[in-house]
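Encoded as structure tokens, the structure appears first; notes follow it.
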2 protein chains.
Amino acid sequence: MELAAAKLKFIEAWGKIGSEWGINRTMAQVHALLLISPEALTTEEIMENLSISRGNANMTLRDLIGWGLIEKQHKAGERKEYFFADKDVWNIARQVAKERKKRELEPVLKVLNELSAVTGNEKDPELITFKKSIADINKLANNVDKTLETMLKAEENWFWGSILKVFK
Amino acid sequence: MELAAAKLKFIEAWGKIGSEWGINRTMAQVHALLLISPEALTTEEIMENLSISRGNANMTLRDLIGWGLIEKQHKAGERKEYFFADKDVWNIARQVAKERKKRELEPVLKVLNELSAVTGNEKDPELITFKKSIADINKLANNVDKTLETMLKAEENWFWGSILKVFK
DNA sequence: ATAAACTTTCAATAATTTTTGAAAGTTTAA
DNA sequence: TTAAACTTTCAAAAATTATTGAAAGTTTAT
């Protein structure tokens, strides 16, 4: 396969993955484009490359910066802003894990905690089932939380080394 | 907090989590409802409880069965179908992991493999960057795949025991 | 101070996803 | 076979989410 075709295919695939994981297609595609680009690109170049509007490009780039996945770069003597992606895939995974933990897991843990305090007739099967479910989910969520916490601090080789060794 | 209020809050929260993870809100809410219900419920009861239409309930229940998260049950002497959710949270996590692995991760691994075979001028920075990105993503995806594979086979206590011990 | 170069905003529009509900289909019992 | 009880389908409508593009805003150089 030729590079040009492969690039298109990668951008498409990354966009699809993104949308399956609740990240909007365009955002994932812009990220893909920057990920495989050796040079930082301008808004203009991104718009053209992906056939998206200026407004869309601007918002998407802003979001990607918010996720910590790309950064702005300024070139000496130029007014234009350039954007480039962190190419370290482990950093990307960690960054995504970090943001989703903060944005999603933590609020869930908070709600689960509140729900643990439900009151009522302790003989009521409805209450018994409810409490058991909440307790189980709570336990799972806490284990996930701890594992992510470790992942965030860990180096890639150490992390996978440890996990895969245990599972051999 | 009273049980009735807690149930509503849980259904809402589970729905929100679902939609953040690309599962549609209603599907997650129906799952939540069945998860905290000690008895199997009919389509009718689910419709009423969540204020959704018959068509929606039917499709959603079908999807949940497809994900292996709920099952049909028949009660002796009754024509109606009852639905109930597996209450084992570890099974749920495994089931979701299994389906997403099959539906999403495996196709991605396939595409990444094809993209590894890209050809071109080996001195071209574009090609070098592309190949490096693909190789790195490939490695990460394979590690995730192996870990999920282990998770699918594992008992909950063993799994978390192993992971959390390593990370202590 | 002005204008060119560039970035951001946001109301309107488009695209996508979800939901409805009535009609069609199926199963069971008599 | 008929009809009641129940389930499934799917075209149309509603809701949600993403995108556009022109106008407003900002920064820099002169």
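Keep in mind the model is a prediction, meaning the values are calculated, not measured. By convention in this document, chain letters (A, B, ...) are assigned in the order of the sequence lines, proteins followed by strands, and residues within each chain are numbered from 1.
- At least one side-chain nitrogen or oxygen of B/Thr26 sits closer than 4.0 Å to the OP1 or OP2 atom of C/dT19.
- Residue A/Lys98 qualifies as open at atom NZ: its count of foreign heavy atoms under 6.0 Å is 12 or below.
- Mapping heavy-atom proximity under 4.0 Å, the span of DNA chain D touched by chain A runs 5' to 3' from D/dA18 to D/dT28.
- In this structure, B/Met27 places its CE atom 12 Å from P of C/dT19, rounding to the nearest Å.
- To the nearest 0.5 angstrom, A/Met59 atom CE is 13.0 Å from A/Met27 atom CE.
- Between A/Arg62 and A/Lys80, the residue anchored nearer the 5' end of DNA chain C, judged by the nucleotide with its closest heavy atom, is A/Lys80.
- Closest approach of A/Ala85 to A/Leu35, counting heavy atoms only: CB-N, 4.0 Å.
- Between the side chain of B/Thr42 and the main chain of B/Tyr82, no donor-acceptor pair closer than 3.5 Å is present.
- Near DNA chain D, defined here as any heavy-atom distance below 4.0 Å, the residues from residues 42-59 of chain B are B/Arg54, B/Gly55, B/Asn58, B/Met59, listed numerically.
- The shortest heavy-atom contact between B/Val30 and B/Leu50 is CG2-CD1, 3.6 Å.
- Within 4.0 Å (heavy atoms only), A/Arg25 reaches no atom of the nucleic acid at all.
- More than 12 heavy atoms of other residues, nucleotides or ligands sit less than 6.0 Å from atom CD of A/Glu99.
- Using a 30° and 60° split on the angle between ring planes, B/Phe130 and A/Phe10 fall in the perpendicular class, above 60°.
- Of the residues in residues 13-21 of chain B, not one places a heavy atom less than 4.0 Å from an atom of DNA chain D.
- Other residues, nucleotides and ligands contribute at most 12 non-hydrogen atoms within 6.0 Å of the NZ atom of B/Lys132.
- A straight line from NE2 of B/His74 to P of C/dT27 spans 11 Å, rounded to a whole angstrom.
- Within 6.0 Å of CZ on A/Arg100 lie more than 12 heavy atoms contributed by other residues, nucleotides or ligands.
- The aromatic rings of B/Phe159 and B/Trp90 sit tilted relative to each other, their planes meeting at an angle between 30° and 60°.
- For the atom pair A/Asn58 CG and A/Arg62 CZ, the distance stands at 5.5 Å (nearest 0.5 Å).
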